[in-house]
Amino acid sequence: MAERQSIHGQWSSRLVFILAATGSAVGLGNVWKFPYITGENGGGAFVIVYLVCIALVGVPIMMAEIMLGRRGRQSPINTMAALSREEGANKAWSLIGWSGVLAGFFILSYYSVIAGWALAYVARAGAGLFSGLDAAGVESMFNSLVGSPERLLAWHTLFMLMSMFVVAKGVKSGLEKAVTYLMPALFLLLLLLVGYAMNTGFFVEGLEFLFSPDFSKLIYTCQVVDGVEQCDISGGPLLVAMGHAFFTLSLGMGAIMVYGSYMPKKSSIAGSAVLIALLDTLVALLAGMAIFPIVFANGLEPGAGPGLIFQTLPIAFGGMPGGHLFGTLFFVLLVFAAWSSSISLIEPAVAWLVENREMTRVRASIWIGLTTWVIGLGTVFSFNIWSDVKLFDMTFFDLLDYLTANIMLPLGGLLIAIFSGWLMKKASSQEEFAMAGSAYSLWWTLIRYVSPFAVVVVFLHAIGLF
Ligand code: PHE
């Protein structure tokens with residue numbers, strides 16, 4: 001096949017692709033979401049399921065997304081349309097791209113609100129407000145932030161503007177350089193926090209919570225109440241763990257596919273995917289190792305929910321030497337990690353608007369930013385004036401998070417696995433991967449049988465089928 005070129009340009013090297021994709025993967029999912037959902041779902045056993053999902057579902061699907069993107073060299077919508085034509089499959093497969101664009105809007109709408117919390121904490125840390133804080137103090141600090149729609153709105157707006165600015169300029173300039181230095185810096189600060197956690201006297205408890213599995217905590221059963229079967233709507237820890245594997249690796253919605261479409265031809269896809277997954281997992285585990293000892297040392301609740309890191313880390317910074325500086329730096333880096341993820345959430349939509357509507361990147365970013373900002377209002381109000389407005393027992397924020405991470409991303413991933421494993425000709429994927437025969441066979445087995453099977457089994461389990 002004659003090689004396609006992307007009209008949006010190309011990463012200057014494989015290293016840059018890896019940095020950008022790691023920038024997309026490592027974000028609030030690792031530092032904010034992973035600890036709190038681990039806390040809510042009982043710890044060790046949940047972590048094991050999550051790690052298995054990363055290895056058996058995440059890595060093969062990430063390879064598939066990069067491969068499809070690099071072969072199609074367009075926005076995910078057009079890539080899927082072009083590849084299905086080429087492979088003799090139904091054009092409806094471009095729906096993967098459409099659902100990805102929608103998922104990107106939804107995720108960014110609340111991602112930006114949470115990133116706004118991190119921005120607010122930069123200001124608080126910078127002003128020295130953490131010093132000497134105890135558990136009650138951090139709680140009231142957090143509640144006064146999320147309880148105020150005006151403040152949340154202001155920070156959400158600021159973060160949205162930051163994201164639109166970078167996307168408008170083009171993902172390849174600017175942020176790419178920032179990520180090169182900021183990611184390693186975030187990593188070092190997490191190590192520092194783990195060092196602090198070691199001295200809390202509760203490090204072992206923290207590690208046990210994270211790594212010693214109690215499989216009874218995974219059991220998810222439906223109960224018959226008054227002759228009617230009732231399932232707890234969460235879908236259970238298995239669904240949350242699998243959904244998070246997709247979320248944290250940015251899979252199932254086209255972000256990695258669109259980044260793959262800018263990848264140079266000769267780079268190894270398998271090696272890149274494994275490296276990105278390893279780095280992403282390491283950051284999440286370090287965040288967990290830093291946070292749980294602090295949780296136990298201060299008598300906090302591991303299942304405290306979305307505020308968990310904002311109610312634990314300030315205690316650590318408030319009590320350590322140099323905490324003023326480190327605390328500020330930490331939240332700055334968290335904002336950068338969120339920033340480099342947020343731009344990948346809108347890039348698939350921007351690429352499509354540029355290709356099909358002949359819009360400039362600037363106009364496309366403004367439109368998308370504005371729409372997402374409006375949807376984000378629902379999340380802003382979920383924590384205050386709408387906190388009692390619930391559908392299926394979930395607030396607007398819970399609902400969007402559930403719909404995207406637990407349903408849309410795994411479903412997108414399942415379709416990507418089916419397309420690349422069952423519909424695409426073996427010769428095509430083999431040509432695109434250009435890797436050793438045994439590695440290819442391993443991927444082929446995983447993407448055809450293991451990944452789709454795992455996703456389907458977890459879905460069936462979540463709707464209470466067994
Ligand atoms: N992976 C990002 C994180 O962990 C979130 C994300 C999801 C980004 C999907 C892009 C696509 O924070």
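In listed order, ligands and their atoms are each counted from 1. The figures here come from the full heavy-atom set of this structure, side chains too, leaving out hydrogens, waters and symmetry mates.
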Practice item. Taking the six-membered ring for Trp and the full ring for Phe, Tyr or His, determine whether the centres of Trp444 and Phe433 are under 6.0 Å apart. Key: no

Point to revise | ligand 1 contact by Phe246, heavy-atom criterion under 4.0 angstrom | key: no

Check your understanding: What do you reckon, does Leu249 have a nitrogen or oxygen under 3.5 Å from a nitrogen or oxygen of ligand 1?
Key -> no

Review point. Is there any N or O on Ser344 that sits under 3.5 Å from an N or O of ligand 1?
Key: no

Point to revise | Donor-acceptor pair between Trp386 and Thr395 side chains, under 3.5 angstrom | key: no

**Study point:** Under 3.5 Å: N/O of Gly29 near N/O of ligand 1
**Key:** yes

Review point. Are the side chain of Thr79 and the backbone N or O of Pro76 linked by a donor-acceptor pair below 3.5 Å?
Key: no

Study note, to complete from the structure: At under 4.0 Å between heavy atoms, what of Met253 touches ligand 1? The answer is side chain

Check your understanding: Please state which protein non-hydrogen atom is closest to atom 12 (O) of ligand 1 and give its distance, to 0.1 Å?
Key -> Tyr111 OH, 2.5 Å

Practice item. Return the residue, atom name and 0.1 Å-rounded distance of the protein heavy atom closest to atom 4 (O) of ligand 1. Key: Ala25 O, 2.9 Å

Check your understanding: What about the rings of Tyr50 and Phe34, do their centers lie closer together than 6.0 Å?
Key -> yes

Practice item. Decide whether a cation-pi geometry holds between Arg124 and Tyr121; the criteria are a distance under 6.0 Å from NZ or CZ to the six-membered ring centre and an angle within 45° of the ring axis. Key: yes

Check your understanding: For atom 9 (C) of ligand 1, what is the nearest protein heavy atom, given as residue, atom name and distance?
Key -> Ser250 CA, 3.5 Å

Check your understanding: How close does the nearest protein non-hydrogen atom get to atom 11 (C) of ligand 1, and which residue and atom is it?
Key -> Leu345 CD2, 3.3 Å

Check your understanding: Can you list the atoms of ligand 1 that are under 4.0 Å from a heavy atom of Leu28?
Key -> 12 (O)

Exercise for review: May I ask you to check whether Tyr259 and Trp11 place their ring centers less than 6.0 Å from one another?
Suggested key: yes

**Study point:** Option set Ser24, Gly27, Ala21, Gly100, criterion heavy-atom distance to atom 2 (C) of ligand 1, minimum
**Key:** Ser24

Review point. Centroid-to-centroid, Trp422 to Tyr449, below 6.0 Å?
Key: yes

Check your understanding: Pick one: which of Phe383, Tyr111, Phe331, Trp155 meets ring-ring contact (aromatic ring centres under 6.0 Å, His included) with Trp117?
Key -> Phe383

Check your understanding: What protein heavy atom is closest to atom 7 (C) of ligand 1, reported as residue, atom name and distance in Å?
Key -> Phe247 O, 3.3 Å

